[in-house]
2 protein chains.
Amino acid sequence: MSDHCFADRIATLIPLTAEEQAAIARLEERERPIRRNAMVMRENERLTEMFVLKRGLMMSYMILDDGSRQILRFHFPGDLMGLAGLAFAKSQETIMAVTESVVCPFERSHMAELVARHPRIGMALMALDQISRVNLNDRLAAVGRTSAKARVAALLLELRARTAPAKDGSFTPGVTQEEIGDATGLTAVHVNRMLRQLEDEKLIARDNGRISVVNEQRLMRAGQYIDRTARVDLSWMPPAA
Amino acid sequence: MSDHCFADRIATLIPLTAEEQAAIARLEERERPIRRNAMVMRENERLTEMFVLKRGLMMSYMILDDGSRQILRFHFPGDLMGLAGLAFAKSQETIMAVTESVVCPFERSHMAELVARHPRIGMALMALDQISRVNLNDRLAAVGRTSAKARVAALLLELRARTAPAKDGSFTPGVTQEEIGDATGLTAVHVNRMLRQLEDEKLIARDNGRISVVNEQRLMRAGQYIDRTARVDLSWMPPAA
DNA sequence: CGAGAGTTTGATAGTACTCAAATTCAGTGG
DNA sequence: CCACTGAATTTGAGTACTATCAAACTCTCG
């Protein structure tokens with residue numbers, strides 16, 4: 001299973017005391033299954049909750065005036081969703097399940113209480129959020145300044161990094177080509193052509209939706225991909241009280 | 001003067017006790033003047049500090065493999081700079097002065113102590129940071145899904161909103177057309193053409209670097225601009241202890 | 001087997017880029 | 001005070017990348 005609880009995620013950053021773990025676990029007391037294409041949050045809807053994604057794949061997106069969609073972020077198990085709404089009365093984005101998913105909803109005031117009682121968790125939360133912001137920075141740079149092929153290559157690598165790959169190394173992105181396009185600022189048609197090109201150049205192989213990375217080095221170069229996760233450093237954080 | 005201290009900024013979100021104000025003020029004890037084009041933080045440089053921008057205009061950017069630049073964010077007086085590095089050992093971005101500026105540097109461990117002692121400030125800090133993230137979301141959507149003209153229009157409106165305009169309503173963006181291009185994912189040449197087009201359509205007027213918004217309604221529509229600042233809501237925050 | 005979502009391919013159009021050069025402007029030194 | 005300089009802006013011509021439109025194809029699921 002690819003279930004992940006939030007405490008596990010935070011624990012990858014800093015060691016947690018048993019008490020802290022228990023406090024975080026209280027955010028995840030309720031579980032709610034979400035069907036494919038169902039939304040847990042809608043643009044302009046009144047905001048009260050946040051969510052931890054327990055299982056599945058979800059995404060945040062915005063719809064523009066002309067009806068086009070920009071996917072801002074994909075959410076993977078263990079991710080906190082809806083933090084961006086912290087300062088707003090209404091949601092700025094829609095959060096939808098790309099595949100069958102399970103989320104744990106909680107009131108944002110619970111988050112406030114948790115942080116008030118456990119400031120270290122608050123700092124860890126901020127750090128976690130900054131990691132996802134850096135990801136957003138990378139995405140902006142890709143969309144603003146790299147070719148269509150590079151953007152598709154980079155997104156494939158990102159999806160692979162966060163999806164449990166099969167033992168042969170292949171993985172199922174779980175997203176349609178249209179979704180890849182909406183995340184990278186391209187049309188579905190052009191995404192398809194870029195995938196074919198990557199395949200023709202033997203950087204990837206495709207078999208009915210499954211994708212294998214054939215030449216990781218070249219694919220990473222093609223996508224100007226940087227793995228930030230290797231460089232996380234929270235050594236400056238004060239130790240547990 | 002366009003000086004702004006950080007406490008003022010936070011105070012626009014939530015009321016602060018005198019003690020909280022004093023604690024925040026301690027982050028700003030040192031001031032450092034920064035010349036135009038000077039950097040306070042470089043990509044891949046070891047990270048230890050964060051900054052509050054006291055005066056001037058600065059920006060964060062990344063340089064890609066081919067040497068092109070993506071501006072991620074402009075910083076205005078009162079903004080906290082460098083928070084994105086919170087979880088990393090090395091900087092992911094460069095922060096440079098667009099105009100003469102003054103910053104207040106402090107160690108990130110000071111930030112950790114501040115938040116540990118004043119959890120409410122921590123929450124406010126997170127909220128503040130989410131506001132800037134929503135801005136980044138908007139930028140991504142603009143770059144990914146809107147026309148060149150729309151992106152330039154949106155950026156002009158953003159710059160105007162955060163720059164003290166003259167009494168005739170005109171303002172000086174303070175950025176070159178090349179910088180506008182690097183922020184919006186366009187070339188300087190094309191930015192120039194879009195400005196001319198906006199001028200020809202009487203949405204803006206230009207006079208030697210100064211820009212006046214002639215038809216705000218149409219410019220906002222052209223840029224699909226949404227003013228998020230009006231919708232900030234922190235009423236759920238617990239009151240001061 | 002039929003239906004619908006998703007993918008693939010072809011032909012054409014259009015937006016934005018590249019390259020090159022002229023022009024304006026602010027600052028500097030003679 | 002003026003020529004000089006480099007940065008920034010402006011304009012033109014040609015090109016390339018990506019979008020659009022349309023249709024065929026494949027796969028899954030009921």
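Chain naming here is simple, since letters A, B, ... match the order of the sequence lines and numbering starts at 1 in each. Keep in mind it's a predicted model, so treat the numbers as computed, not measured. For the numbers below, each heavy atom of this structure counts, side chains included, while hydrogens, waters and symmetry mates do not.
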### Message
For a 4.5 angstrom cut-off between non-hydrogen side-chain atoms, does B/Leu86 reach B/Leu83?
### Response
yes

#### Entry: Flag side-chain contact, heavy atom, 4.5 Å: B/Tyr225 against B/Asp138
no

### Task
Provide, to the nearest angstrom, the distance between the CG atom belonging to A/Asp182 and the P atom belonging to C/dG6.
12 Å

### Message
salt bridge (Lys or Arg N to Asp or Glu O under 4.0 Å) for B/Arg193 and B/Asp200? Distances and angles first, verdict last.
### Response
CA-CA 10 Å; B/Arg193 292 189 166 116; B/Asp200 289 347; over 6 Å; no

### Query
Is A/Arg231 atom CZ crowded by more than 12 heavy atoms from other residues, nucleotides or ligands, each under 6.0 Å away?
no

### Message
Counting primed atoms plus P, OP1 and OP2 as sugar-phosphate and everything else as base, spell out the protein contacts along nucleotides 24-30 of chain D at 4.0 Å heavy-atom distance: B, S or - for each nucleotide, 5' to 3'.
### Response
---SS--

### Message
Could you tell me how far apart B/Ile180 (CD1) and D/dA8 (P) are, to the nearest whole angstrom?
### Response
13 Å

### Query
Reading nucleotides 9-22 of chain D 5' to 3', which nucleotides get B (base under 4.0 Å from a protein heavy atom), which S (sugar-phosphate only), which -?
SBBBB----BSBB-

### Task
May I have the step-by-step check of salt bridge (Lys or Arg N to Asp or Glu O under 4.0 Å) for A/Arg196 and A/Glu201, ending in yes or no?
CA-CA 9 Å; A/Arg196 160 155 299 288; A/Glu201 294 170 359; over 6 Å; no

Validation: residues 68-77 of chain A side-chain donor-acceptor distances under 3.5 Å, sequence neighbours left out:
{"residue": "A/Ser68", "atom": "OG", "partner": "A/Asp66", "partner atom": "OD1", "Å": "2.8"}
{"residue": "A/Arg69", "atom": "NE", "partner": "A/Asp182", "partner atom": "OD2", "Å": "2.7"}
{"residue": "A/Arg69", "atom": "NH2", "partner": "A/Asp182", "partner atom": "OD2", "Å": "2.8"}
{"residue": "A/Gln70", "atom": "NE2", "partner": "A/Asp182", "partner atom": "O", "Å": "3.1"}
{"residue": "A/Gln70", "atom": "NE2", "partner": "A/Ala183", "partner atom": "O", "Å": "3.2"}
{"residue": "A/His75", "atom": "NE2", "partner": "A/Ser60", "partner atom": "OG", "Å": "2.6"}

### Heavy-atom side-chain proximity of B/Ile211 to B/Leu156 below 4.5 angstrom
yes

### Task
I would like to know whether A/Lys90 and A/Glu45 meet salt bridge (Lys or Arg N to Asp or Glu O under 4.0 Å); could you show each step before the answer?
CA-CA 5 Å; A/Lys90 293 183 175 183; A/Glu45 201 173 60; over 6 Å; no

